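The next block holds one structure in the form of structure tokens; read it before the comments.
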Amino acid sequence: MAAVDGGEVDHLAGERATAHFDVDAMKVAWAGSRHAVEVNDRMARLVASDPVFRKDTRTMLSRKELFKDTLKKAAHAWKRIVELRLTEEEANLLRLYVDQPGYVDLHWGMFVPAIKGQGTEEQQKKWVPMAYKFQIIGCYAQTELGHGSNVQGLETTATFDPNTDEFVVHSPTLTSSKWWPGGLGKASTHAVVYARLITQGKDYGIHGFIVQLRSLDDHSPLPGITLGDIGGKFGSGAYNSMDNGVLRFDHVRIPRDQMLMRLSQVTREGKYVHSDVPKQLLYGTMVYVRQTIVADASKALSRAVCIAVRYSAIRKQFGSQAGGPETQVLNYKTQQSRLFPLLASAYAYRFVGEWLKWLYTDVMQKLEAKDYSTLPEAHACTAGLKSVTTSATADAIEECRKLCGGHGYLNSSGLPELFAVYVPACTYEGDNVVLLLQVARFLMKTVSQLASGKQPVGTTAYMGNIQYLMQCKSAVNTAGDWLNPAAIKEVFEARALRMAVNCAQNISKAPSQEEGFSELSPDLLESAVAHVQLIIVTKFFEKLQQDIIGHGVKEQLQNLCNIYALFLLHKHLGDFLSTGCITPKQGALANEQLGRLYAQVRPNAVALVDAFDYTDHYLSSVLGRYDGDVYPALYAEAWKDPLNETVIPDGYQEHLRPLLKQQLKFSRL
Ligand SMILES: CCCCCCCC/C=C\CCCCCCCCCC(=O)SCCNC(=O)CCNC(=O)[C@H](O)C(C)(C)COP(=O)(O)OP(=O)(O)OC[C@H]1O[C@@H](n2cnc3c(N)ncnc32)[C@H](O)[C@@H]1OP(=O)(O)O
Ligand SMILES: Cc1cc2nc3c(=O)[nH]c(=O)nc-3n(C[C@H](O)[C@H](O)[C@H](O)COP(=O)(O)OP(=O)(O)OC[C@H]3O[C@@H](n4cnc5c(N)ncnc54)[C@H](O)[C@@H]3O)c2cc1C
């Protein structure tokens with residue numbers, strides 16, 4: 001019962017008793033190791049027990065109060081990290097459980113990685129220790145008012161002046177104003193700024209520069225620098241804790257050695273020198289962050305699902321016969337068919353996120369050894385998985401809100417704020433459509449190379465089996481046949497390959513490759529999604545091959561894996577049928593099997609969300625409470641609303657009383 005925050009009666013005890021597996025062992029499978037369970041639990045409790053980290057009234061704060069509260073929490077978190085001498089792992093988890101977006105996310109998540117990835121050793125030695133001690137606060141200033149997706153279209157300039165050995169950073173147009181960077185508006189003292197490098201009269205394109213923005217004495221903007229917040233954002237509370245900012249430069253001078261020079265350099269004389277590395281490494285910080293966003297998708301999704309599953313087990317509607325008990329809404333097949341695929345997706349994203357982290361580390365090690373061959377694969381996987389998991393998670397959080405009926409719409413359910421915080425993940429760090437088109441481009445290149453006999457590797461290795469996959473027919477005969485991993489993998493591979501090959505063939509009929517790509521882009525998106533879904537399904541199956549300990553754990557994960565795959569098959573039935581991978585009968589059998597799997601999950605559902613091991617503080621939801629004591633909590637929460645501070649509302653005297661006293665009368669009546 002590690003996740004209990006309070007509550008004396010466990011209203012979900014009956015649900016927990018029906019589980020067919022060892023929940024503690026499932027916690028290990030979810031977290032990755034026993035150590036991970038322990039450290040997560042310890043950090044979550046540390047945060048939950050500290051009054052400074054309370055967040056129950058967050059949605060009622062004004063923007064200014066919310067921002068100040070975020071500064072307070074960030075400073076307090078840092079104090080605790082220093083006092084308790086937390087490790088980097090512990091500190092990261094503590095920040096996660098504080099659960100309030102703020103400048104620290106960009107400082108640690110992008111500013112520091114950008115310097116580490118693109119700075120020389122000397123630059124890292126100078127800047128990273130200052131950042132680690134919070135002597136400076138940094139952000140990642142790439143996007144401008146006029147351009148975000150099109151990084152090559154950015155307009156800010158950094159022109160080298162050999163007379164003074166400086167760069168002159170300038171915003172030549174309104175649209176070149178930096179716009180969106182988190183932490184920029186009010187908190188950051190420094191930024192990694194992306195600007196067009198101009199030297200000896202030539203434009204060398206986008207490069208990164210470290211620029212000081214504010215005084216380290218009084219925090220005022222330095223001369224030539226205009227700074228501010230870009231304004232309120234979607235939802236109450238939510239992402240409004242972040243000071244997304246605007247920044248303009250008026251011929252601001254910085255020393256030459258503040259250009260990040262690991263990938264390319266400008267000499268004292270102003271000569272541009274590009275190292276022997278692919279220029280795409282400039283985008284390395286984005287690849288790093290996309291990988292972390294995939295891991296975060298499983299967190300956000302599991303959180304929403306935990307709330308919806310627990311509440312669905314408590315909530316009862318209809319079904320009472322002769323005074324008997326009403327039906328738990330979790331028993332309705334429609335509720336199960338909407339909710340259990342989301343539960344399965346949370347597990348699927350968790351495991352694919354784990355794998356992506358491994359891939360990223362592996363690629364980084366290869367890059368260190370000057371082997372750049374896996375860079376395109378890393379880009380396609382991070383871009384594709386970021387896109388598919390964030391889009392599905394944003395939709396799923398909204399579905400969980402609906403699954404909780406009317407109460408899901410209350411802020412106290414935790415779901416509206418979670419949605420509002422989460423939904424920009426579909427846009428930031430690369431718009432999801434733009435990123436899928438990058439995957440499609442990678443797929444088209446891979447297909448075109450098949451003809452020349454080049455054997456695809458990594459996540460596209462299946463394409464090498466083209467002779468078979470283009471003509472195979474699924475052998476599934478009964479619903480039970482869909483439990484065979486090979487049967488599922490075969491149809492997912494055939495679907496992805498056939499869709500990619502169809503696109504490639506249609507593009508080749510266009511007057512030019514570029515025109516064909518543009519014309520076919522809606523189909524290319526679907527092709528990219530099919531490829532990415534195949535990766536997620538495959539990685540789930542691979543996870544099941546690993547040593548999974550604990551009574552019943554593997555069986556539960558097998559069920560969830562099958563649900564994830566068959567749910568996708570059902571949802572994208574059109575793809576599978578139109579590419580001839582399966583017959584309508586086989587599609588119906590998959591759906592039949594899906595229904596059986598839902599029935600197997602039902603007694604385990606509450607225990608499967610308990611395995612996420614979230615504290616009530618982190619969930620921040622009266623509906624998702626561990627003890628299931630929903631109604632008293634809902635009732636009590638309502639009275640905390642500022643509207644209930646007085647019995648008679650403000651405005652009664654001016655606006656309600658005159659109306660009720662009929663002092664304003666229609667002359668005709
Ligand atoms: C209830 C409350 C809950 C609270 C919860 C709190 C929890 C906390 C929540 C939130 C925490 C906050 C965390 C928030 C973090 C937000 C951070 C957001 C930061 C940003 O958004 S930074 C800005 C990001 N910007 C982008 O991503 C821009 C997207 N655009 C691009 O990436 C590129 O421009 C492009 C890829 C689309 C195109 O680039 P371009 O140079 O034009 O390239 P192409 O011609 O298309 O391709 C050329 C060639 O390069 C290859 N390539 C492209 N990119 C990469 C890459 N990254 N790596 C490797 N290779 C790459 C491409 O494939 C081509 O290859 P080819 O020539 O075909 O072989
Ligand atoms: C909450 C939040 C935090 C952010 N934090 C940061 C930060 O810290 N630092 C930073 O630098 N930036 C940040 N950003 C900016 C973010 O990275 C960009 O907004 C994002 O990359 C999308 O770019 P855009 O705004 O230019 O969208 P656009 O590219 O203008 O997208 C508009 C529409 O056009 C479509 N579109 C664009 N190009 C194509 C194409 N080639 N083919 C088909 N359709 C296309 C898109 O799909 C979308 O529907 C943040 C944004 C948000 C919302």
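No hydrogens, no waters, no symmetry mates; every other heavy atom, side chains included, goes into these values. One-based numbering, in listed order, for ligands and for the atoms of each. Given the structure is predicted, the values throughout are model-derived calculations rather than measurements.
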State whether any protein heavy atom lies less than 4.0 Å from [atom].
{"atom": "atom 34 (O) of ligand 2", "result": "no"}
{"atom": "atom 7 (C) of ligand 2", "result": "yes"}
{"atom": "atom 29 (O) of ligand 2", "result": "yes"}
{"atom": "atom 30 (N) of ligand 1", "result": "yes"}

Which heavy atom of the protein is the closest neighbour of [atom], given with residue, atom name and distance?
{"atom": "atom 48 (C) of ligand 1", "value": "Arg441 NH2, 3.7 Å"}
{"atom": "atom 20 (C) of ligand 1", "value": "Glu429 OE1, 3.2 Å"}
{"atom": "atom 26 (C) of ligand 1", "value": "Met286 SD, 3.3 Å"}
{"atom": "atom 42 (O) of ligand 1", "value": "Gln152 CG, 3.9 Å"}
{"atom": "atom 2 (C) of ligand 1", "value": "Arg58 NH2, 3.3 Å"}
{"atom": "atom 3 (C) of ligand 1", "value": "Asp99 OD1, 3.3 Å"}
{"atom": "atom 34 (O) of ligand 1", "value": "Ser149 O, 2.9 Å"}
{"atom": "atom 56 (C) of ligand 1", "value": "His379 ND1, 3.3 Å"}

key: Residue pairs passing the ring-ring contact (aromatic ring centres under 6.0 Å, His included) test where at least one lies in residues 275-296, sequence neighbours excluded   = Tyr288-Tyr360

What do you reckon, is [atom1] of [X] surrounded by more than 12 foreign heavy atoms closer than 6.0 Å?
{"X": "Arg54", "atom1": "CZ", "result": "no"}
{"X": "Glu514", "atom1": "CD", "result": "no"}
{"X": "Asn150", "atom1": "CG", "result": "yes"}

Short N-O contact, [X] and [Y], less than 4.0 angstrom:
{"X": "Glu368", "Y": "Arg262", "value": "yes"}
{"X": "Glu65", "Y": "Lys68", "value": "no"}
{"X": "Glu354", "Y": "Lys357", "value": "no"}
{"X": "Glu429", "Y": "Lys386", "value": "no"}

[options]: member with heavy atom nearest to [atom]:
{"atom": "atom 23 (O) of ligand 2", "options": "Gly182, Ser149, Ser521, Cys139", "answer": "Ser149"}
{"atom": "atom 39 (C) of ligand 2", "options": "Val423, Val289, Val434, Val421", "answer": "Val434"}
{"atom": "atom 14 (N) of ligand 2", "options": "Phe111, Tyr140, Trp180", "answer": "Trp180"}

I want to check something: taking the side chain as every heavy atom from C-beta on, are [X] and [Y] in contact at a cut-off of under 4.5 Å?
{"X": "Tyr132", "Y": "Trp108", "value": "yes"}
{"X": "Thr615", "Y": "Tyr97", "value": "no"}
{"X": "Met242", "Y": "Leu106", "value": "yes"}
{"X": "Trp179", "Y": "Glu144", "value": "no"}
{"X": "His76", "Y": "Asp50", "value": "yes"}

With backbone taken as N, CA, C and O and side chain as the heavy atoms from C-beta onward, which portion of [X] lies under 4.0 Å from ligand 2: side chain, backbone, both, or neither?
{"X": "Asn244", "value": "side chain"}
{"X": "Asn432", "value": "neither"}
{"X": "Val433", "value": "side chain"}
{"X": "Leu437", "value": "side chain"}

Which of the ligand 1 atoms, numbered from 1, are nearer than 4.0 Å to a heavy atom of [X]:
{"X": "Leu418", "answer": "1 (C)"}
{"X": "Val151", "answer": "28 (C), 30 (N), 31 (C), 33 (C), 34 (O)"}
{"X": "Gly430", "answer": "26 (C), 27 (O), 29 (C)"}
{"X": "Val434", "answer": "37 (C)"}
{"X": "Lys445", "answer": "66 (P), 68 (O), 69 (O)"}
{"X": "Gln280", "answer": "49 (C), 50 (O), 51 (C), 52 (N), 59 (C), 60 (N), 61 (C)"}
{"X": "Tyr140", "answer": "22 (S)"}

remark   = Exactly one of Asp69, Asp616, Asp99 clears salt bridge (Lys or Arg N to Asp or Glu O under 4.0 Å) with Lys55, and that residue is Asp99

task = Give the ring-plane orientation class for His407 versus Tyr311, where under 30° counts as parallel, over 60° as perpendicular and anything between as tilted.
result = perpendicular

Give, for atom [atom1] of [X] and atom [atom2] of [Y], the distance between the pair rounded to the nearest 0.5 Å.
{"X": "Ile507", "Y": "Glu519", "atom1": "CD1", "atom2": "CD", "answer": "10.5 Å"}
{"X": "Ser452", "Y": "Gln449", "atom1": "OG", "atom2": "CD", "answer": "6.0 Å"}
{"X": "Leu247", "Y": "Ile230", "atom1": "CG", "atom2": "CD1", "answer": "12.5 Å"}

N or O contact, [X] vs ligand 2, cut-off under 3.5 Å:
{"X": "Asp431", "answer": "yes"}
{"X": "Gly148", "answer": "yes"}
{"X": "Gln142", "answer": "yes"}

4.0 Å heavy-atom contact, [X] with ligand 1:
{"X": "Gly148", "value": "yes"}
{"X": "Met110", "value": "yes"}
{"X": "Lys279", "value": "no"}
{"X": "Tyr422", "value": "no"}

inquiry  = Checking the N or O distance criterion of under 3.5 Å, is ligand 1 in contact with Asn150?
reply    = no

inquiry  = Tell me whether Tyr283 has any N or O atom under 3.5 angstrom from an N or O of ligand 1.
reply    = yes

Contacting atoms of ligand 2, where contact means under 4.0 angstrom from a heavy atom of [X]:
{"X": "Glu429", "answer": "17 (O)"}
{"X": "Pro424", "answer": "1 (C)"}
{"X": "Thr427", "answer": "19 (O), 20 (C), 21 (O), 22 (C)"}

key: ligand 1 contact on Arg290 by region, counting heavy-atom pairs under 4.0 Å   = side chain

inquiry  = If we ignore hydrogens and angles and just use 3.5 Å, is the side chain of His207 paired with the main-chain N or O of Gly205 as donor and acceptor?
reply    = yes

note = Heavy-atom closest pair (Thr460 atom, His531 atom, distance to 0.1 Å) is CG2-CE1, 3.7 Å

request  = For the residue pair Gln100 and Ser241, confirm or rule out a side-chain donor-acceptor distance under 3.5 Å.
outcome  = no

